[in-house]
Structures are given as structure tokens and as C-alpha cells.
Amino acid sequence: NYQNANKFLIDALKYAEFSKSKLLSLQVTTTLARNYLNLDDTKKAIELANEGLRLSEELSNEKEKPSLYEILNQAY
């Protein structure tokens, strides 16, 4: 279920940040934002989607942007 997934995703995000892998942080942030949306926590989903967009710009990575914009669209 989404609550259990959240626990693992939060740990994965901590690992990504610890490893200083911005790409992994971006990927986990995107997945975590979607998971929060599925848990109806739109505030956290929006926060994480915006963080994902910031990372995406920083990395010049376009791959995650459609998913992040979709999350924002659904959240609003």
C-alpha cells in the first residue's frame, strides 16, 4: 500500500541525498511526490513536485518533467 511505500521511499530519498546523487534524488522525489498524491496529501505532493522541477532544471534533465507537471496538474 501507499503508506508502506512511503516509508521505503523516504529512506531511499535519504540514501540518495547521502550519496549526493542528484539524479537519484530527482527520480525518488518524483516517485515520492506521486505517492503523496495517491495518499491525498496534495500539499506534500506539490512541495516535492516543485523540488523535482528545481532538480530537473539544475541537472538539465527533461525526462522527469512531464511526470512532475502531471503531478502538479492533478494536485491543483
Side-chain angles (χ1 to χ4, degrees):
N1 70 28
Y2 294 120
Q3 289 177 340
N4 287 337
N6 245 28
K7 293 175 189 174
F8 290 111
L9 288 167
I10 290 168
D11 286 343
L13 185 57
K14 288 177 187 174
Y15 172 78
E17 291 168 350
F18 176 77
S19 71
K20 299 191 186 319
S21 172
K22 290 185 179 182
L23 179 58
L24 183 57
S25 291
L26 170 60
Q27 293 167 334
V28 175
T29 297
T30 302
T31 304
L32 191 54
R34 165 115 16 243
N35 204 57
Y36 272 110
L37 187 62
N38 289 329
L39 289 168
D40 293 323
D41 189 343
T42 54
K43 182 178 179 181
K44 191 67 175 174
I46 290 168
E47 177 186 321
L48 287 167
N50 283 321
E51 174 63 13
L53 288 172
R54 186 193 67 73
L55 284 169
S56 183
E57 288 294 322
E58 190 176 318
L59 294 170
S60 299
N61 183 313
E62 301 292 318
K63 185 177 178 186
E64 298 292 332
K65 281 186 176 181
S67 294
L68 292 163
Y69 282 120
E70 180 184 339
I71 292 166
L72 288 172
N73 183 46
Q74 290 177 7
Y76 284 108

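This one's a predicted model, so the numbers in the text were calculated from it and none came from an experiment. The figures here come from the full heavy-atom set of this structure, side chains too, leaving out hydrogens, waters and symmetry mates.
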[X]: partners by side chain to side chain donor-acceptor pair (under 3.5 Å), with sequence neighbours left out:
X	result
Thr30	Glu64
Lys63	none
Asp41	none

Worksheet item: Atom CG of Asn4 and atom CG of Asn35: how far apart are they, to the nearest 0.5 Å?
Response: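 Here the rounded value is 10.0 Å.
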Worksheet entry | Pairs involving residues 50-61, ordered by first then second residue, that meet side chain to side chain donor-acceptor pair (under 3.5 Å) (sequence neighbours left out) | Lys22-Glu58, Glu51-Arg54, Arg54-Glu58, Glu57-Lys65
Set of side chain to side chain contact (heavy atoms under 4.5 Å, CB included) partners for [X], sequence neighbours left out:
X	answer
Tyr15	Ser19, Leu24
Glu47	Lys44
Ala12	Val28
Asp40	none

Please give me the minimum heavy-atom distance between [X] and [Y], naming the atom from each residue.
X	Y	result
Ser25	Leu13	O-CD1, 4.0 Å
Gly52	Leu68	C-CD1, 3.5 Å
Leu39	Tyr2	CD2-CB, 3.4 Å

Worksheet item: Can you tell if the side chain of Thr42 reaches within under 4.5 Å of the side chain of Tyr76, non-hydrogen atoms only?
Response: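 Sidechains of Tyr76 and Thr42: no contact.
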Worksheet entry | Minimum side-chain heavy-atom gap Asn73-Tyr69 below 4.5 Å | no
Worksheet item: Which pairs with one or both residues in residues 67-76 pass salt bridge (charged side-chain N to carboxylate O under 4.0 Å, His left out), sequence neighbours excluded?
Response: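 Residue pairs with at least one partner in residues 67-76: Arg34-Glu70.
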Discussion item. Give me each pair satisfying salt bridge (charged side-chain N to carboxylate O under 4.0 Å, His left out) with a member in residues 4-16, each pair once, sequence neighbours excluded.
Written reply: none
Discussion item. Count I, L, V, M, F, W, Y as connected when their side-chain heavy atoms are under 4.5 Å apart, and connections chain through other members. Are Leu48 and Leu53 then in the same cluster?
Written reply: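 Leu48 and Leu53: separate clusters.
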Worksheet item: Same cluster or not: are Leu55 and Leu72 linked, directly or through other Ile, Leu, Val, Met, Phe, Trp or Tyr residues, by side-chain heavy atoms under 4.5 angstrom apart?
Response: yes
Practice prompt. Any chance you could pull the hydrophobic cluster mates of Phe8, using side-chain heavy atoms under 4.5 angstrom and chaining through other members?
Written response: none
Discussion item. Please give the remaining members of the hydrophobic cluster of Ile71, linking ILVMFWY side chains under 4.5 Å, ordered by chain and number.
Written reply: Leu37
